[in-house]
Undergrad: 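Quick one: the structure is below, and I'll ask about it shortly.
Note on naming: letters A, B, ... go to the chains in the order of the sequence lines (proteins, then strands), and numbering restarts at 1 for each one. No experiment lies behind these values; they were computed from the predicted model shown.
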Amino acid sequence: MARILITSAIPYINGIKHLGNLVGSQLPADLFARYNRARGNEVLFLCATDEHGTPAELAAAKVGKPVADYCAEMHDVQADIARRFGLSFDHFGRSSSDENKALTQHFAGVLAEQGLIAETDEEQVYSNADGRYLPDRYIEGTCPNCGYDKARGDQCENCTKQLDPIDLIEPRSAISGSTDLEVRQTKHLYLRQSQMRAELQAWIDSKTDWPVLTTSIAKKWLNDGDGLQDRGITRDLEWGVPVKRGTEAWPGMEGKVFYVWFDAPIEYIACSQEWVNANKGDDWQRWWRTDAGADDVTYYQFMGKDNVPFHTLSFPSTILGSREPWKLVDYIKSFNFLNYDGGQFSTSQGRGVFMDQALDILPADYWRWWLLSNAPETSDSEFTWERFQDGVNKDLADVLGNFVSRVTKFCRAKFGEEVPKGGSFGPRETQLMADITGRIRTYEQLMAQMEVRKSAAELRSIWALGNEYLQEVAPWTTVKEDPEQAQAQIRLALNLIRIYAVLSAPFIPTAAASMMSGMNTLDFSWPEGVDGDDSAFTALPAGHAFTVPEVLFAKITDDQRKEWAERFAGIRT
RNA sequence: GGCGCGGUAGCUCAGUUGGUUAGAGCGAUCGACUCAUAAUCGAUAGGUCGGGAGUUCAAGUCUCCCCCACGCCA
């Protein structure tokens, strides 16, 4: 039994995530977690909210709440939506947890001991009215290049020129509008990633089986220009992990916090400590410490491409640079972006469909299936309401749902609601079982390789095999001439429903549960093969009672599609 | 401007280390069936694999140049 550690990129606390965020990390990670559990592997699947930084502070201020309260509330909101989407985290933690504070401070301390932390003095803009330092992009003013009056401190959106905040004419705070700004000297810590460059390069080069998307982004950052740059890991903010050197105070760093990108990935580890402290597990070290039992763990990370640099370079610098025996990631599965109807999904602009809205109009399985079977693996892909309707109706309603419906209703009408016992399997049945077994083996390989779209396509063709069989042996005709033979045909078809439920559960867990419930069984054993008395194809024995399930997937009508397309055409307010 | 990922049937995409008549799903057309969510099953049509040059007995698959789209960065 393999031991599988899975983490999904942690979503930022500020607001509800859209479908593009979902399909880029949490959803495929959940697919992989569910599959591995179904195969009997020991799985620890972790996710959390990423809570620190300026955007959270501003969002809290906007609704007039203390930032800690705001984050606590938003964490619960996100946890509830994740649960309703069927995301099967073993724990959904918080980067603002005490565990993460202590661990982040610990890493900073040991990195300093290893000579990988540099202290620098730099100039930062301070807003007296706001009582805080302003990140570059929160300073606005007139562009010295083109005269645009809403240029940001990092770049002018009008002429695209890169700027320094001190270049701006009549600079003001983007938060309050105040012009009472001053430049102050402030001290900061840098992670000396440049020192780790050769080691990271060798590590990345050894990962020949990673997606091209992952390695190409990592190599670009390693080799572009002057190579990997040191990175500031502290900020002049209040909301964050206080800067400490382990448990000791850090002279000169009073009142400062670690940068959100330093503490966020450390939460992957801290989350497992939260998992233990929540009494859900009893040993986090055997997942993370190679000196405490984690050497047989295989660790997979899932994320969108925008997160790749931090996971291939920054976080590994932290792990490797500590010179402590932490588990390093074995495989990084990265995704491109999902676009929405001709443009990008946008959290800040409220464009697209967000997770709560999606669940308001359809059950999670509809979304899970479409998003996963169209996951942006090789390139960006696009959500349109037409494609969504086509995919859901054809795959889920017509191919799978209708198969369950036609088999169970036919049996009920002709033989009653129990698995019929007559007849025996002949050559055609043997062939079907062999065909399905062969495809299951392919499906297993694709799932193990995290080939999400191909796995979905393979699963769909397994569903279709059932319809092909029924069409060919035509039990509705057979029953008139040879009822015993028809019973054998339907007995096999009913067993296919259980097999389909088990195979499909990672994609569509709710519908799979309905199928299992209808088949009146708790036998979730994975279909290993065709041979022997314990064959998956005879798991439901003759005489086993079942009920006809409710319609598994109602079709999306043209009227619904049009209404939703219109409702979600604008921006969310 | 640099870099990255793409450009394959109407649409969405597969096409390992170059090798027989380039594949799938959807859509279209025709047919079969009537158990079923007007579902299913079969068949057919449809592609000079972005353009050009080159290497090779052989290129969608390698090399070079160009064009287009998207993304990232400066």
Undergrad: Please report the distance separating the P of B:C41 from the corresponding atom of B:A24, rounded so that it comes out in whole Å.
TA: 15 Å

Undergrad: Grab the CD1-P distance between A:I490 and B:A36 for me, whole Å please.
TA: 11 Å

Undergrad: Measuring only the P atom in each nucleotide, how far is B:G4 from B:C62? A whole number of Å is fine.
TA: 15 Å

Undergrad: Hey, does the Lys NZ or Arg CZ of A:K333 hover above the aromatic six-ring of A:F335, less than 6.0 Å from the centre and inside 45° of the axis?
TA: yes

Undergrad: Is there side-chain contact between A:Y469 and A:Q431, with heavy atoms separated by less than 4.5 Å?
TA: no

Undergrad: For the residue pair A:L19 and A:Y340, establish whether any side-chain heavy-atom pair is separated by less than 4.5 Å.
TA: no

Undergrad: Work out which heavy atom in A:L372 is nearest to a heavy atom in A:V452; give both atom names and the distance.
TA: O-CG1, 3.2 Å

Undergrad: For nucleotides 29-34 of chain B, print each protein N/O atom paired with a nucleotide N/O atom at under 3.5 Å, atom names and distance only.
TA:
unit_1, atom_1, unit_2, atom_2, d
B:C33, O2', A:W476, NE1, 3.2

Undergrad: Just wondering, do A:Q26 and A:F302 contact through their side chains at under 4.5 Å, heavy atoms?
TA: no

Undergrad: Are the aromatic rings of A:W385 and A:W370 close, with centres under 6.0 Å apart?
TA: no

Undergrad: Take atom NZ of A:K555 and atom C1' of B:A36, then tell me their distance rounded to the nearest Å.
TA: 11 Å

Undergrad: With a 3.5 Å cut-off and just heavy-atom distances, do the side chain of A:N402 and the base of B:A36 make a donor-acceptor pair?
TA: yes

Undergrad: Can A:K454 and A:E377 be counted as an ion pair, charged N to O under 4.0 angstrom?
TA: no

Undergrad: What distance, rounded to whole Å, do you find between the two C1' atoms, one in B:A59 and one in B:G15?
TA: 14 Å

Undergrad: For A:Y259, does the six-membered ring have the charged nitrogen or CZ of A:R235 within the cation-pi criterion, i.e. under 6.0 angstrom from the centroid and within 45° of the normal?
TA: yes

Undergrad: How is A:F403 classified with respect to the nucleic acid when contacts are heavy atoms under 4.0 Å: base, sugar-phosphate, or nothing?
TA: nothing

Undergrad: Just N and O in the side chain of A:K394: are any of them under 4.0 Å from OP1 or OP2 of B:U40?
TA: yes

Undergrad: What orientation do A:F553 and A:Y366 show, parallel under 30°, tilted 30 to 60°, or perpendicular over 60°?
TA: perpendicular

Undergrad: Identify whether any heavy atom of A:L552 sits under 4.0 Å from a base atom; if not, whether one sits that close to sugar-phosphate; answer base, sugar-phosphate or nothing.
TA: base

Undergrad: Sort me out a list of protein N/O and nucleotides 13-16 of chain B N/O pairs below 3.5 Å, or just none if empty.
TA:
unit_1, atom_1, unit_2, atom_2, d
B:A14, OP1, A:T378, OG1, 2.4
B:G15, OP1, A:K454, NZ, 2.8

Undergrad: Once you round it to whole Å, what is the distance between P of B:C72 and CG of A:N336?
TA: 11 Å

Undergrad: Any donor-acceptor pair under 3.5 Å linking the side chain of A:R231 with the backbone of A:Y190?
TA: no

Undergrad: I need the CG-P distance between A:L470 and B:C41, as an integer number of Å.
TA: 10 Å

Undergrad: Could you measure between the two C1' atoms, the one in B:G6 and the one in B:U44, and give it in whole Å?
TA: 32 Å

Undergrad: Return the value, rounded to whole Å, for the distance between atom CG of A:L396 and atom C1' of B:A36.
TA: 17 Å

Undergrad: Taking only side-chain N and O atoms of A:R460, does any of them lie within less than 4.0 angstrom of OP1 or OP2 on B:C26?
TA: yes

Undergrad: Are A:E563 and A:R567 within salt-bridge range, i.e. N to O under 4.0 Å?
TA: yes

Undergrad: Using the P atom as the reference point in each nucleotide, state the distance between B:G60 and B:A22 in Å, no decimals.
TA: 10 Å

Undergrad: Rounded to whole Å, how long is the line connecting atom CH2 of A:W463 with atom P of B:A39?
TA: 17 Å

Undergrad: Give RNA chain B the dot-bracket treatment, 5' to 3': Watson-Crick (N1-N3 with N6-O4 or O6-N4) or G-U (N1-O2, O6-N3) under 3.5 Å, [ ] crossing, | other strand.
TA: ((((.((..((((.....[...)))).(((((.......))))).....(((((..]....))))))).)))).

Undergrad: Considering only atom P, compute the distance from B:U34 to B:U29 and round it to an integer number of Å.
TA: 23 Å

Undergrad: Hey, does A:N21 have a side-chain heavy atom less than 4.5 Å from the side chain of A:P11?
TA: no

Undergrad: Find which nucleotide of RNA chain B each of A:K305 and A:D390 is nearest to by heavy atoms, and output the residue with the more 5' nucleotide.
TA: A:D390

Undergrad: P atom, B:G23 versus B:U16: distance in rounded Å?
TA: 14 Å

Undergrad: Considering only the P atoms, how many Å lie between B:G10 and B:G51, rounded to the nearest integer?
TA: 14 Å

Undergrad: Can A:E382 and A:R387 be counted as an ion pair, charged N to O under 4.0 angstrom?
TA: no

Undergrad: A:N339 CG to B:C11 C1': how many Å, rounded?
TA: 17 Å

Undergrad: Rounded to the nearest angstrom, tell me the gap between atom CD1 in A:I462 and atom C1' in B:A24.
TA: 15 Å

